[in-house]
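The structure appears right after this line, and notes come after that.
Lettering of chains follows the sequences in order, A, B, ..., and the numbering in each one begins at 1. Worth saying up front: this structure is predicted, and the values here are computed from it rather than measured.
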2 protein chains.
Amino acid sequence: MDEKRKVSIAVVKRLPRYYRYLSDLLASGITRISSKELSTRMGITASQIRQDLNCFGGFGQQGYGYNVELLYNEIKKIMGITTNFKTVIIGAGNMGRALATYPNFEKRGFELVGIFDVEPSLIGGSVKGIKIMHLYTLEKFCVDNKVDIAILTVPHDRTPEVAEYATRCGIQALWNFSPMDLKVQNGAIIENVHLSDSLMVLGYRLNEKRES
Amino acid sequence: MDEKRKVSIAVVKRLPRYYRYLSDLLASGITRISSKELSTRMGITASQIRQDLNCFGGFGQQGYGYNVELLYNEIKKIMGITTNFKTVIIGAGNMGRALATYPNFEKRGFELVGIFDVEPSLIGGSVKGIKIMHLYTLEKFCVDNKVDIAILTVPHDRTPEVAEYATRCGIQALWNFSPMDLKVQNGAIIENVHLSDSLMVLGYRLNEKRES
DNA sequence: TAGATTGTTAATCGATTAACAATC
DNA sequence: TAGATTGTTAATCGATTAACAATC
């Protein structure tokens, strides 16, 4: 009895954006907002906002609009920010260490519980008070700690094996920073970040602008 | 006389992916490929591949398929990888320094020419052989060097003013890492990265999977 | 040549936008 | 109550997929 159909990925990808705007509204003391007013701020249509939100429920009120705090908390729940995902970083290089100190992740409900690497000179060190451990101890670590997510910031050529190992340890979600499409393994969920892809799109758009 | 209509952003965003797959094919010594075979590897339809490529020209040959090296070089040109964009990093914190050492950017035609910050303890130091300079010297630096792109890895609250300053210095493209939608200023092109948005989507999908 | 595979047009699908009755 | 604005259905738009004639 699967009564509600799956929300499209296009909608899901807009949710963090709604969350950011609502957070800003809340911070500036605005308590109610109409889809019309929000659409002006976000640069999308009011129709789209109402359609998107109605995938999850009727959070508004006719003639009034939306209560900012209520809507903010609803999206917080929908996005799982209240879940407190236990997260490990695999790969304690520059990018791994940068992500470890990224302040936004904790605010969004992601708790860093461990950092792993294979490089002897790094192991035993710590980032943000969290010890860097040897990757081979991840399996034991996952038995003791219920790890939800692994952030993969490992060299390109090691990524597939590390991903495979992480999922074998029972980690169900991978956030991959290598410039490759990691294939789903052992049923794990994967988000590929592809920073250089994004930069290449910027380059394309810059050339396009200059040519016009 | 604008005879060719603008390529949709959906297509442009797939180009780096084609580029990666072709690079891999080239590395493994495969010299020709059909849209059918490539579609299997990439997990998209052959129709989409042919449609996408034909936005830019007819690179294939009936009965044969595509020459891998030729197609690779065409996409390289289309994406502007041959352009060698001069790039500066603004914000020499953890993320800025991590990006400075990210090996893929140079390979993709982005040359790091300067790093800027306002923090006195950082200025004078260097990353990857490139001196960290005071942000207020950026204007002069841009007069002496033709800077194409600024990578913004500055704190959230300083981002709008820094972006505005960078564009006033004549920089036409910004790659923004702050969790906010930077508005186009002085006609500059902007790509927002939004790492925490991506992580939140991963969290949503993980919850969704667990609930099913 | 015959088989394979492109380039391109037409059909389908899904996402966005418009419209409006319901109702606060 | 009258005005405003939602939730939702219908219309539109654009992107993806299918089909196939052209041709290597």
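- Nearest-nucleotide positions on DNA chain C place B/Ala46 closer to the 5' end than the other of B/Ala46 and B/Gln51.
- Classification of A/Arg168 and A/Glu139 as a salt-bridged pair fails, no side-chain N sitting under 4.0 Å from a carboxylate O.
- Between B/Asp148 and B/Lys146 there is a salt bridge, since at least one side-chain N of the basic residue sits less than 4.0 Å from a carboxylate O of the acidic one.
- More than 12 heavy-atom neighbours from other residues, nucleotides or ligands sit within 6.0 angstrom of NZ on B/Lys209.
- Along DNA chain C, the nucleotide nearest to A/Tyr64 and the one nearest to A/Ile9 differ in position, and the one closer to the 5' end is contacted by A/Ile9.
- Pairing analysis of DNA chain C (Watson-Crick: purine N1 to pyrimidine N3 plus N6-O4 or O6-N4; G-U wobble: N1-O2 and O6-N3; both under 3.5 Å) yields stems of 3 or more pairs at C:3-24 with D:3-24.
- Interface limits on DNA chain C: the 5'-most and 3'-most nucleotides within less than 4.0 Å of chain A heavy atoms are C/dA15 to C/dC24.
- Within 6.0 Å of CD on B/Glu119 lie more than 12 heavy atoms contributed by other residues, nucleotides or ligands.
- Results of the salt bridge (Lys or Arg N to Asp or Glu O under 4.0 Å) test with B/Asp197 over A/Lys13, A/Arg20, A/Arg108 single out A/Arg20 as the only residue that passes.
- In this structure, A/Arg32 satisfies the cation-pi test against A/Tyr64, with its NZ or CZ atom closer than 6.0 Å to the six-membered ring centre and inside 45 degrees of the ring normal.
- In this structure, A/Ser47 reaches the bases: a heavy-atom distance under 4.0 Å links it to at least one base atom across the strands shown.
- Using a 4.0 Å cut-off between charged side-chain N and carboxylate O, B/Asp52 and B/Arg14 make a salt bridge.
- Side-chain atoms of A/His194 and A/Asp181 include a donor-acceptor pair closer than 3.5 Å.
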